[in-house]
Amino acid sequence: MRNVGVRFGGIVALDDVSFEVTRGRIVGLIGPNGAGKTTLFNCLSRLYQCDSGDILFDGSSLLRVSRHRIAELGIGRTFQNLALFRTMSVLDNVMVGRHCRTGSGFFVNSLRLPGVAREEQATLEKAQALIRLLGLGPVADARVADLPFGTQKRVELARALACEPKLLLLDEPASGLNHEEVGVLGKLLGEIRDRLALTVLLVEHHMSLVMSISDRVVALNFGKKIAEGNPAEVQQHPEVIQAYLGGAA
Amino acid sequence: MSRRQLIVLAAVLALACVLPFLVSNYRTFQFNLVIIYAIALLGLNILTGYNGQISLGHGAFYAMGAYCTAILMDKFGVPYWATLPVAGAVCLLFGFLFGLPALRLEGLYLALATFALGVSLPQLLKYHQLENWTGGVQGIVIAKPEAPAFFGSLGLRLNPDQWLYFFTLAVAIVMFVLAWNLLRGRVGRALVAIRDQHVAAEAMGINSAMVKSLTFGVSAMYTGIAGSLGAIAVQFVAPDSFNIFLSIVFLVGIVVGGLASISGAIYGALFIQFVPNVADEISKAAPWAIFGVFLIGFVYLMPMGVAGALRMAVARLGRKRQNT
């Protein structure tokens, strides 16, 4: 993935924001509540329409791509407040994640033509591999709604990975996790990035996590980009300190 | 499917096959209707139970299927069995086309739009410009099909009621197998995903608009084929047999039988066929009050429908066996 420039203008939520995410890197996106981080994510996954600017992914614009084709292009995401399929099992959730990499439709499914069973088997194996990778084996057949919050977050991660994304969008993966779980998550994200050759864009409030795993950090406030650089630079940036601590720093 | 499920399924099928030889012709006719309703309920359950779209107008698709068959048989002399695919195709198309604009509506608003379809269709059928085809208020009477001579030469003498019962049963088996295939794989997961969390479903690459319209079409097709079989079984179609009450009864059937359950369609069909009869025997004066009591009792005792209650009972039995 090269040269993702995000430019908006005219709307209040995001004002003329541009930055790039380089292939294979983890980029952290920080900012106070209401800064526009999730809005930016929702533009990337086409839930919101941008009023101006353009979003380029692998050199082509995302703005002409319909919502359900984003996953197929290689952008997977998780949601801030968990958006799992609550009545389904963990395994089924992850298998839905394979939807964009499979193609059988109504007709061939209802007749269960030979290709369908093969595709289903491949989907099952891929999903089981991801479940093992994320340590979800013991709960694979449990209903998602019955699981603790931290486990549900991992299910969402597994589901996002199931579509073999090139770019993974993580919206506050650490929220609601305890200190120990955050440490595990940080390690896990680094591992996944290396193993699956992923690019990660991470929205997170948990500063120590962002600073420890990000290669670059972008800071937003009131819909504007206020700082960009490596973690140490951004942490020292006066506007960032002001945005977080308030007052005249 | 587990071995136990296969055994249960085989037992149910065996029972279904000997049933017409054990009971009166009238009962055979009633069980024929049960199977027909089961197909209709399966269709509605695919839409409402699995995909989460509420329809208060499926009676309209049942009517459409019934009229397709009646008109084809009456005006064009098409044999009864050949009208089924036509009725199915017409309803598939209408359902799909109705589903497209209905996509903009969610939940109760969709329910209202389908309600509009359900209340308007019976009146459209009475429309005098269409009277040549539909027979207007009088409806259409069609002939009862005889068992093919082929069975007689095998030494198997079936009266028309028995023959129709087996014909319906065969169609139902095909329809249930197709639905089971559809719902257990990629498409079935997509349906439930849209119901549970439609934003995430789209983020997973599910074309929600397309899947929902197609589901509407498939659902209408099932109900239409049921209507077609219903017309053949009753040998009569008239606008007033397909009023809005039928649509509501279908909804009652899937909820009582069990939402998002294939077998629930059968329990629901038994309920909507026999409970009104039972209620009528208990009180001639207020059968629907008795029906209401039954209904409240069912949803109170089995909030997940009959299918859900059975599933829980089997699970509890399994645990008990493990403990001892």
Side-chain angles (χ1 to χ4, degrees), chain A residues 41-42 44-47 66-79 81-89 91-113 116-117 119-121 123-124 127 144-145 156 159-160 162-163 165 169 171, chain B residues 1 42-43 46 49-52 88-89 92 95-96 99 174-219 221-222 259-262 304 308 311 315:
Chain A
F41 260 38
N42 286 344
L44 270 166
S45 46
R46 303 280 293 121
L47 294 181
S66 48
R67 217 181 277 174
H68 65 270
R69 303 233 335 160
I70 292 289
E72 199 183 322
L73 288 179
I75 302 179
R77 74 168 289 180
T78 66
F79 293 82
N81 304 314
L82 286 180
L84 285 164
F85 310 122
R86 294 177 59 80
T87 63
M88 298 168 98
S89 70
L91 180 65
D92 279 340
N93 264 275
V94 181
M95 286 174 85
V96 174
R98 292 289 302 163
H99 192 92
C100 66
R101 297 283 170 244
T102 44
S104 64
F106 275 72
F107 189 68
V108 294
N109 260 274
S110 53
L111 294 178
R112 199 83 181 173
L113 296 179
V116 175
E119 182 187 89
E120 194 69 7
Q121 186 60 31
T123 303
L124 181 68
V144 161
E156 227 192 14
R159 187 182 68 180
C163 76
L169 308 173
D171 200 347
Chain B
M1 253 199 221
L42 180 61
I46 290 172
Y50 285 88
N51 199 212
L92 178 72
F96 180 74
V174 172
M175 299 303 282
F176 270 75
V177 169
L178 291 179
W180 178 56
N181 280 338
L182 185 71
L183 294 170
R184 69 184 161 137
R186 179 177 185 264
V187 174
R189 281 193 301 272
L191 296 192
V192 179
I194 290 171
R195 181 195 72 194
D196 279 6
Q197 233 303 337
H198 68 99
V199 174
E202 285 203 286
M204 297 304 118
I206 295 168
N207 185 349
S208 167
M210 196 52 163
V211 171
K212 280 167 91 172
S213 314
L214 277 172
T215 306
F216 217 109
V218 167
S219 171
M221 180 187 81
Y222 268 77
L259 287 168
S261 146
I262 293 178
M304 311 266 284
R311 212 179 304 129

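Note that this is a predicted model, so its numbers are computed, not measured. Proteins come first, then strands; the chains are lettered A, B, ... in the order of their sequence lines, and each starts at number 1.
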Side chain from CB out, backbone as N, CA, C, O: work out which of these in [X] comes under 4.5 Å of a heavy atom of chain A, or both, or neither.
X      : result
B:A260 : neither
B:V211 : both
B:R184 : both

For this session: Pick whichever of B:G188, B:A179, B:A201, B:A209 has the most heavy-atom pairs under 4.5 Å with chain A.
Result: B:A201
For this session: Heavy-atom pairs under 4.5 Å with chain A are the metric here; pick the option from B:V177, B:V192, B:V199, B:V187 that has the most.
Result: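 If we count pairs closer than 4.5 Å to chain A, B:V187 comes out on top.
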At a heavy-atom separation under 4.5 Å, does [X] approach chain B through its side chain, its backbone, both, or neither?
X      : answer
A:E72  : neither
A:F106 : both
A:E119 : side chain
A:L73  : neither
A:I70  : neither
A:S104 : both
A:T123 : side chain
A:R98  : neither

Exercise. Taking the side chain as C-beta and beyond, is there a heavy-atom pair between A:M88 and B:R189 under 4.5 Å?
Worked result: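 Yes, their side chains come closer than 4.5 Å.
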For this session: For the pair B:N181 (side chain) and A:S110 (backbone), establish whether a donor and an acceptor sit closer than 3.5 Å, ignoring hydrogens and angles.
Result: yes
Exercise. Does any N or O in the side chain of B:N207 come within less than 3.5 Å of the main-chain N or O of A:H68, such that one atom is a donor and the other an acceptor?
Worked result: no
Would you name the heavy atoms of [X] and [Y] that are closest together and state the gap between them?
X      : Y      : answer
A:R112 : B:G185 : NH1-CA, 4.5 Å
A:A71  : B:G205 : CB-N, 3.8 Å
A:A83  : B:A200 : O-CB, 3.1 Å

Exercise. Going by distance alone, is a donor N or O of one side chain under 3.5 Å from an acceptor N or O of the other, for A:T102 and B:R186?
Worked result: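 Side chains of A:T102 and B:R186: pair found under 3.5 Å.
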Problem set entry | Test side chain to side chain contact (heavy atoms under 4.5 Å, CB included) applied to A:V96 and B:I206, step by step | CA-CA 9 Å; A:V96 174; B:I206 295 168; 3.8 Å; yes
Problem set entry | Other residues, nucleotides, ligands: >12 heavy atoms within 6.0 Å of A:R86 CZ |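 No, not enclosed.
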For this session: Give, for atom OG1 of A:T87 and atom CG of B:L259, the distance between the pair rounded to the nearest 0.5 Å.
Result: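 Answer for the OG1-CG pair, A:T87 versus B:L259, is 11.5 Å.
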Exercise. Distance from A:L111 atom CG to B:L182 atom CG, nearest 0.5 Å?
Worked result: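 Taking CG in A:L111 and CG in B:L182, the distance rounds to 10.0 Å.
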Problem set entry | Option that, when pairs with chain B are counted at under 4.5 Å, heavy atom only, ranks first among A:G76, A:G103, A:A117 |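 Ranked by heavy-atom pairs under 4.5 Å with chain B, first place is A:G103.
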Exercise. Most heavy-atom pairs under 4.5 angstrom with chain B, which of A:M95, A:R101, A:E156?
Worked result: A:M95
Problem set entry | Residue of the set A:R46, A:R69, A:R67 for which side chain to side chain contact (heavy atoms under 4.5 Å, CB included) holds with B:E202 |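 For B:E202, the side chain to side chain contact (heavy atoms under 4.5 Å, CB included) test succeeds with only one of A:R46, A:R69, A:R67, which is A:R67.
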Exercise. Sequence neighbours excluded, which residues qualify as ring-ring contact (aromatic ring centres under 6.0 Å, His included) partners of A:F85?
Worked result: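 A:F85: no ring-ring contact (aromatic ring centres under 6.0 Å, His included) contacts found.
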